Amino acid sequence: MMDSISLAHSSLLDTRIDSQRTLDPYVTGTSVVGIKYKDGVLLVADMGGSYGSTLRYKSVERLKPVGKHTIVGASGEISDFQEILRYLDELILYDNMWDDGNSLGPKEVHNYLTRVMYNRRNKFNPLWNSLVLGGVKNGQKYLGTVNMIGVHYEDDHVATGFGNHLARPILRKEWNENMSFEEGVKLLEKCMRVLLYRDRSAVNKIQIMKITEEGATAFPPYSLRTYWGFTAFENPSSGAEGSW
């Protein structure tokens, strides 16, 4: 009898030890788009959170300030993004504890995130996110991105997810380095509207965040105006007879 009880107890402990969180994306967000403008950097993301293929959540914030000089946006797994934010909180706290009058800038944070993502990829336990990171320090604007396997680059405008395919062509054509804040917002809204029309995981409720030399500002979420009366939307198979 004692052997049976001991065996059952041992099995219970083994089950508890082996229990792990999922290693696959569960609740995910779609594209993030970022641009430099005349005074700083702008980031935009919608507020949708997809539970599998179901667009279940409509108020997920995926843009966050980091320290004094940086903002970060993420597409991909929401809980992994929360883990990344925990890493960043610890990084900023440790940096502040030095109390030496200096603080981490966006380039340093970008380098740190690149190493974190590449390290987790090498452990075959990646953080399922693509990150956009922007900031301003000492008058220098910075904008970069890093994906779940550590591939990273810096540019004047960046995007993740479907934004790489649908928003970047618009940005290449219409972006310029002397854009005002209002012009930058209008361009980002155009990108997000195109993504809304073409990406089933997108919603029309978006959030914009800017960062300048004075610091980060998060604007209240709002809904894009949309128009669904285009002929291609009303009759998508027109001109494609015999296709699927």
Side-chain angles (χ1 to χ4, degrees), residues 17-34 41 43-67 69-95 104-135 142-155 157-165 167-168 195 199-203 206-207 209 211 216 218:
I17 291 170
D18 291 341
S19 179
Q20 299 179 15
R21 66 173 180 80
T22 178
L23 297 180
D24 299 316
Y26 237 59
V27 178
T28 59
T30 186
S31 307
V32 179
V33 182
V41 174
L43 262 60
V44 63
D46 72 15
M47 304 195 72
S50 297
Y51 180 77
S53 61
T54 303
L55 191 54
R56 181 170 180 178
Y57 305 104
K58 308 294 177 62
S59 298
V60 179
E61 294 187 9
R62 297 186 285 121
L63 305 178
K64 298 291 182 181
V66 177
H69 309 288
T70 308
I71 53 178
V72 174
S75 60
E77 170 61 37
I78 301 301
S79 63
D80 280 352
F81 181 45
Q82 292 169 341
E83 180 76 355
I84 290 170
L85 291 176
R86 187 178 67 82
Y87 293 161
L88 291 173
D89 285 343
E90 293 178 356
L91 178 72
I92 297 301
L93 177 61
Y94 180 77
D95 181 57
L104 292 174
K107 186 173 183 178
E108 291 79 25
V109 176
H110 189 203
N111 288 338
Y112 170 79
L113 289 174
T114 297
R115 305 329 302 164
V116 167
M117 303 301 273
Y118 186 65
N119 175 264
R120 290 290 295 264
R121 173 257 192 183
N122 283 345
K123 293 180 178 180
F124 294 91
N125 184 20
L127 294 163
W128 291 74
N129 297 105
S130 292
L131 306 172
V132 172
L133 179 143
Y142 186 92
L143 181 64
T145 182
V146 57
N147 70 7
M148 62 180 288
I149 61 173
V151 176
H152 62 285
Y153 62 90
E154 177 191 356
D155 207 341
H157 48 76
V158 298
T160 66
F162 268 95
N164 258 326
H165 308 285
R168 290 298 298 279
L195 288 168
D199 182 359
R200 69 166 179 77
S201 296
V203 295
I206 66 170
Q207 183 180 28
M209 183 175 287
I211 187 162

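As the structure is a computational prediction, the values presented were derived from the model and not from experiment. Scope of the values below: all heavy atoms of this structure, side chains included, with no hydrogens, waters or symmetry mates.
For OH of Y153, the number of neighbouring non-hydrogen atoms (other residues, nucleotides, ligands) closer than 6.0 Å is greater than 12. F162 CZ: 12 or fewer foreign heavy atoms inside a 6.0 Å radius.
Side-chain atoms of R62 never come within 3.5 Å of backbone atoms of G73 as a donor-acceptor pair (strictly under, hydrogens ignored). At least one donor-acceptor pair under 3.5 Å links the side chain of E77 to the backbone N or O of V27. Formation of a donor-acceptor pair under 3.5 Å by the E61 side chain with backbone atoms of L63 is not found in this model. Checking side-chain atoms of S31 against main-chain N and O of T160 turns up a donor-acceptor pair under 3.5 Å. When atom types are taken as modelled, the side chain of D80 and the backbone of N129 share no donor-acceptor pair closer than 3.5 angstrom. The backbone N or O of T145 lies less than 3.5 Å from a partner atom in the side chain of H110, making a donor-acceptor pair. For N147 (side chain) and S130 (main-chain N/O), no donor-acceptor pair under 3.5 Å exists by modelled atom type.
Residues satisfying the salt bridge (Lys or Arg N to Asp or Glu O under 4.0 Å) test with D95, not counting sequence neighbours, are none.
The shortest heavy-atom contact between H69 and L104 is CD2-O, 3.4 Å. Summarising the geometry of A216 relative to I71, their closest heavy-atom pair is CB-CG2, 3.7 Å, with the distance given to 0.1 Å. Closest heavy-atom contact between K58 and V203: CD-CG1, 3.9 Å. The two residues T114 and H152 come nearest to each other via the heavy atoms CG2-ND1, 3.3 Å. Nearest heavy-atom pair, R168 versus D155, reported as atom, atom and distance to 0.1 Å: NH2-OD2, 3.1 Å. Shown here for A167 and L195, the closest heavy-atom pair between the two residues is CB-CD1, 4.5 Å.
Side-chain contact annotation: E83 with Y87, donor-acceptor N/O pair under 3.5 Å present.
In this structure, the separation between CG on N122 and CD1 on I149 is 10.0 Å, given to the nearest 0.5 Å. Annotation: the span from K64 atom NZ to M209 atom CE amounts to 7.5 Å, rounded to 0.5 Å. Taken to the nearest 0.5 Å, the OH atom of Y142 stands 13.5 Å off from the CD1 atom of I211. Interatomic distance, D89 CG to Q82 CD, rounded to the nearest 0.5 Å: 11.5 Å.
Counting heavy atoms from C-beta outward, W128 and T28 have side chains that stay 4.5 Å or more apart. Proximity of P106 to L133: side-chain heavy atoms (C-beta onward) are separated by under 4.5 Å at one or more points. Residues Y118 and V146 fail the side-chain proximity criterion, which asks for heavy atoms closer than 4.5 Å. Taking 4.5 Å as the limit, some side-chain heavy atom of L143 sits within range of a side-chain heavy atom of L43.
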